[in-house]
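Just so you know, residue 1 is the first one in the sequence shown, and it goes up from there.
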Amino acid sequence: GSWRAAATSATPRPAQTTHARALLLRPCAGLEPELDRTLASTARARRSFPMTTCFAIESTRDTAAAAIDQAVGALAREGVAASAVVTHARAANRKAAQLARALASEPRGADLVIVADSDVDLEGAPLDALVGALSHDTVGAAWAAPVEVNPTTAADRASAAVLDASLHAFPLLSALDPGGMVGKLFVIRADTLAEVGGFESLTTHLGEDMELARRLREAGLSTAMAPIVARSRAQGRSWIAVIERYARWIRVIRAQRPHLLPTYPLLLCAAPLIVALATMAALVGPAGGEVRALAAAALARGARVAVGARARALGGRKSGALALLGDVVLADALLLAAFARACFTRRTVWRGVRLLPEAGGRFTEEAR
């Protein structure tokens, strides 16, 4: 898949990045597929501004440690400043805790803070376009829509389809919900981050990116989706793993933006429900209504495929018509299963940590 995503709004003018100093933070946990590749890809991101990289890991016993050591060495050989920090981070949100400690460990400071999850492949990534989305003073943070580019299992394929062939595809969803943000690859000014409490204040929120976006809105700032995508190489997952992943996202919505929870069955994955109801009406409804019911079902299916095609085009991935039809079915089935799981189970397991929701959109680690 291409790095470039089609713009859903006016493309921001290029930022003045010549004198901006950027710090790239890459929090790591566990030996993910292709981790050596994704971490080393940092050296081949395209940029015109000075940048240092800091890899964060909770403990040297973490299975990601060897890949981090290799990445630091590989970046050094290519003349890219890089370091690693052992954070000993302990919090409900390990990622936010890791980011806070990694940022605090950098003595040189930075004008811009860029965060890239460990599964993001930065090979050829146009980071100038990411930073350029910050060029307006009213934009507090800029982020890239995530896509998954190398699915290897049926569950991976369904997950990738949610991100680039459904209404949950963020190039589409960002137009419906401009106040949202995804933290897989984003940039924020260091002073703005400090003004809204820093990463350390986000460690009790499971959705640290959504909470950060909320605080930026509260401060009178917006978030902007950059005209690029974050290319994740997540792969090799089971159905249980991907259902739980999206259920976790939905639990974050339930905890932090509960008014949006009904949009899952009513909008984001409504097509199969509409088709099922229309088909049922055709079978058991009053005589003479079959044609209208079946026409409604066909219209819903057609509209859903059109949404999938548009989302896939915006995400920069290509596929044939038959593959798209299959992916549309997989995406909606996955979202409905995740919605049901999120509604009927309170516990969230994230990176091996068991979490339970509390009031105010916060989560706490479950006592063992």
Side-chain angles (χ1 to χ4, degrees), residues 3-4 12-28 35-57 64 67-85 87 95-96 98-136 139-144 146 181-194 198-199 209 212 223-233:
W3 264 105
R4 186 68 57 179
R13 63 182 182 273
Q16 298 301 314
T17 59
T18 305
H19 302 294
R21 294 167 300 130
L23 171 63
L24 173 63
L25 300 178
R26 303 210 66 174
C28 303
L35 186 62
D36 289 345
R37 171 177 177 162
T38 58
L39 296 188
S41 72
T42 306
R44 295 177 292 281
R46 293 189 285 115
R47 56 186 170 84
S48 63
F49 51 87
M51 184 178 78
T52 58
T53 298
C54 180
F55 299 99
I57 192 170
I68 289 177
D69 287 342
Q70 290 178 17
V72 170
L75 267 61
R77 288 190 293 274
E78 297 195 40
V80 179
S83 62
V85 58
T87 64
K95 176 182 174 180
Q98 293 232 66
L99 292 172
R101 298 196 178 186
L103 183 57
S105 73
E106 283 295 315
R108 291 164 289 185
D111 303 305
L112 304 172
V113 178
I114 302 173
V115 175
D117 282 0
S118 55
D119 62 330
V120 173
D121 188 346
L122 291 176
E123 178 91 31
L127 295 184
D128 281 345
L130 178 70
V131 171
L134 277 181
S135 60
H136 296 281
V139 177
W143 55 279
M181 173 178 165
V182 182
K184 186 159 285 290
L185 173 61
F186 75 95
V187 61
I188 187 170
R189 296 182 188 87
D191 55 357
T192 299
L193 177 61
F199 291 127
D209 45 7
L212 181 56
T223 56
M225 191 188 75
I228 65 169
V229 291
R231 300 172 70 248
S232 166
R233 300 194 70 84

Over all atoms of both residues, closest heavy-atom pair of [X] and [Y]:
| X | Y | answer |
| --- | --- | --- |
| A144 | L130 | N-CD1, 4.2 Å |
| L122 | R26 | CD1-NH1, 3.6 Å |
| A56 | I68 | O-CD1, 4.3 Å |
| A142 | A133 | CB-CB, 3.5 Å |
| F49 | A22 | CE1-CB, 3.6 Å |
| T87 | R101 | O-NH1, 2.7 Å |

Please determine whether a side-chain nitrogen of the Lys or Arg among R47 and D128 lies less than 4.0 Å from a carboxylate oxygen of the Asp or Glu.
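No, this pair does not count.
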Results of side-chain hydrogen bond (donor to acceptor under 3.5 Å, both in side chains) for S118 - residues two or more places apart only:
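Result, side-chain hydrogen bond (donor to acceptor under 3.5 Å, both in side chains) vs S118: E32.
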Tell me, please, which residues at least two apart from T53 pass side-chain hydrogen bond (donor to acceptor under 3.5 Å, both in side chains).
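For T53, no residue satisfies side-chain hydrogen bond (donor to acceptor under 3.5 Å, both in side chains) once neighbours in sequence are set aside.
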Indicate yes or no: at least one non-hydrogen side-chain atom of [X] is less than 4.5 angstrom from one of [Y].
| X | Y | result |
| --- | --- | --- |
| T42 | L75 | yes |
| V115 | K95 | yes |
| L25 | V113 | yes |
| I114 | M51 | yes |

Any donor-acceptor N/O pair, R37 side chain to R233 backbone, under 3.5 Å:
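No, because the side chain of R37 does not come within donor-acceptor range (under 3.5 Å) of the backbone of R233.
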Please round to the nearest 0.5 Å and tell me the distance separating atom CG of L193 and atom CG of L212.
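Nearest 0.5 Å value for the CG-CG distance: 6.5 Å.
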Any chance you could measure D121, atom CG, to S41, atom OG, to the nearest 0.5 Å?
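Reported value, rounded in 0.5 Å steps: 4.5 Å.
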Quick one: side-chain contact (heavy atoms from CB on, under 4.5 Å) partners of [X], sequence neighbours excluded?
| X | answer |
| --- | --- |
| A40 | R44 |
| A67 | L35, D36, L39 |
| E106 | L23, T52, C54, S83, R108 |

Criterion side-chain contact (heavy atoms from CB on, under 4.5 Å) on V85 and F55, from CA distance to verdict:
CA-CA 6 Å; V85 58; F55 299 99; over 6 Å; no
Would you list the atom pairs, donor with acceptor, under 3.5 Å between side chains in residues 183-192 and any protein atom, with sequence neighbours excluded?
from: K184; atom 1: NZ; to: D117; atom 2: OD2; distance (Å): 3.3
from: K184; atom 1: NZ; to: D119; atom 2: OD1; distance (Å): 2.9
from: K184; atom 1: NZ; to: D119; atom 2: OD2; distance (Å): 3.1
from: R189; atom 1: NH1; to: V139; atom 2: O; distance (Å): 2.8
from: R189; atom 1: NH2; to: L134; atom 2: O; distance (Å): 2.3

